[in-house]
Amino acid sequence: MRGITAFLAYPAVAAAAAITPMAGSVPEGPWTAGVWRQPATDDVFFNGDAISANGGKFFVHKETSAYCPDDVENLDCSAYPGSKTVFTGGNNTLFLSVGVPGGQQVYVAADGSLSYTIPHSGALPEGANATGFSRERSESFGAPVVLGNNNRFWLICPVSEGEPRERTYQVFVGQGPEGCLNTGVRTYTSNGPDAWEYL
């Protein structure tokens, strides 16, 4: 039912949230991501608000949760401030840009929540999908580079109270709980890794 609710909400803002891919170069290297929403039916706008990793999930208007151990020989934690969430990849698979050996993979959980693996483990939960990610240059809004997943729509779902523009939102793909907003996701060239690992 949750997936159906999210799907039915989509057409109302489809014209504003949809991004039309086109052929063109996509910058390589690490990047950050932000939500971009210019709706036709309400006044809840987002103009690149950062997507942050926290607690195995991704959020808007929530601090990035990162860690660097201070007891590892020759590890300089000043090189890993953990102040932002940086990604790498986007050609079918997607990862967080981290220093920790083994990396951390991004996936879509069975409930649609955008998620990532814990450090030192590549294990995915039952029902998870770690493929289908893509970065493409768009014809819309100045030809930004947008993130997609199997042509499914993006949702941001409120997890706090307050004014709609100021709430904390969790990021979902294709389905989510009631009360979500459709959005687009844009990517921005960045330096990385910024964190040793994300928690």
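Because only heavy atoms are used, hydrogens play no part in the values below, and waters and symmetry mates are left out as well, while side chains stay in.
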Test your reading of the model: is there a side-chain donor-acceptor pair from [X] to the backbone of [Y], 3.5 Å cut-off?
{"X": "Trp154", "Y": "Val35", "answer": "no"}
{"X": "Tyr169", "Y": "Cys180", "answer": "no"}
{"X": "Asn129", "Y": "Gly127", "answer": "no"}
{"X": "Asn92", "Y": "Phe133", "answer": "no"}
{"X": "Tyr188", "Y": "Val145", "answer": "no"}
{"X": "Trp196", "Y": "Ala79", "answer": "no"}
{"X": "Arg37", "Y": "Asn182", "answer": "yes"}
{"X": "Thr117", "Y": "Gln105", "answer": "yes"}
{"X": "Thr168", "Y": "Val159", "answer": "no"}
{"X": "Arg135", "Y": "Pro27", "answer": "yes"}

Working to the nearest 0.5 angstrom, can you tell me the gap between [X] [atom1] and [Y] [atom2]?
{"X": "Asn91", "Y": "Glu136", "atom1": "CG", "atom2": "CD", "answer": "10.0 Å"}
{"X": "Phe46", "Y": "His61", "atom1": "CZ", "atom2": "NE2", "answer": "5.5 Å"}
{"X": "Asp49", "Y": "Thr183", "atom1": "CG", "atom2": "OG1", "answer": "8.5 Å"}
{"X": "Cys68", "Y": "Tyr80", "atom1": "SG", "atom2": "OH", "answer": "7.5 Å"}
{"X": "Phe95", "Y": "Tyr107", "atom1": "CZ", "atom2": "OH", "answer": "13.0 Å"}
{"X": "Ser52", "Y": "Lys57", "atom1": "OG", "atom2": "NZ", "answer": "15.5 Å"}

Inset, instruction - Would you check if Leu155 and Val171 make a side-chain contact, meaning some heavy-atom pair closer than 4.5 Å? - result: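 Result no, sub-4.5 Å side-chain heavy-atom pair not found.
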
Hydrophobic clustering (ILVMFWY, side-chain heavy atoms < 4.5 Å, transitive) - are [Y] and [X] grouped together?
{"X": "Ile51", "Y": "Phe59", "result": "no"}
{"X": "Leu96", "Y": "Leu124", "result": "no"}
{"X": "Val108", "Y": "Leu147", "result": "yes"}
{"X": "Val72", "Y": "Ile118", "result": "no"}
{"X": "Val106", "Y": "Val100", "result": "yes"}

Inset, instruction - Return yes when atom CG of Asn47 has more than 12 non-hydrogen atoms of other residues, nucleotides or ligands closer than 6.0 Å, and no otherwise. - result: yes

Legend entry - Phe58/Phe87 aromatic ring centres below 6.0 Å: yes

Could you report the tightest heavy-atom contact between [X] and [Y], atom names first, then the distance?
{"X": "Tyr198", "Y": "Ala195", "answer": "CZ-CB, 3.5 Å"}
{"X": "Pro30", "Y": "Gly192", "answer": "CG-N, 3.6 Å"}
{"X": "Gly48", "Y": "Trp36", "answer": "N-CE3, 3.4 Å"}
{"X": "Val98", "Y": "Gln104", "answer": "CG1-OE1, 3.6 Å"}
{"X": "Gly29", "Y": "Trp31", "answer": "O-CD1, 3.2 Å"}
{"X": "Ala109", "Y": "Ser115", "answer": "CB-OG, 3.7 Å"}

Inset, instruction - Answer yes if the side chains of Thr32 and Ser190 hold a donor-acceptor pair under 3.5 Å, and no otherwise. - result: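 Distance-only check fails for Thr32 and Ser190.
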
Inset, instruction - Identify which one of Asp194, Thr85, Asn54 satisfies the side chain to side chain donor-acceptor pair (under 3.5 Å) criterion when paired with Thr64. - result: Thr85

Inset, instruction - Take Asp111 and Ser113 through the side-chain hydrogen bond (donor to acceptor under 3.5 Å, both in side chains) test and state the conclusion after the steps. - result: CA-CA 6 Å; Asp111 66 353; Ser113 58; 2.6 Å; yes

Inset, instruction - With side chain to side chain contact (heavy atoms under 4.5 Å, CB included) as the test, would you mind laying out the steps for Leu94 and Tyr116 before giving the verdict? - result: CA-CA 10 Å; Leu94 181 59; Tyr116 57 96; over 6 Å; no

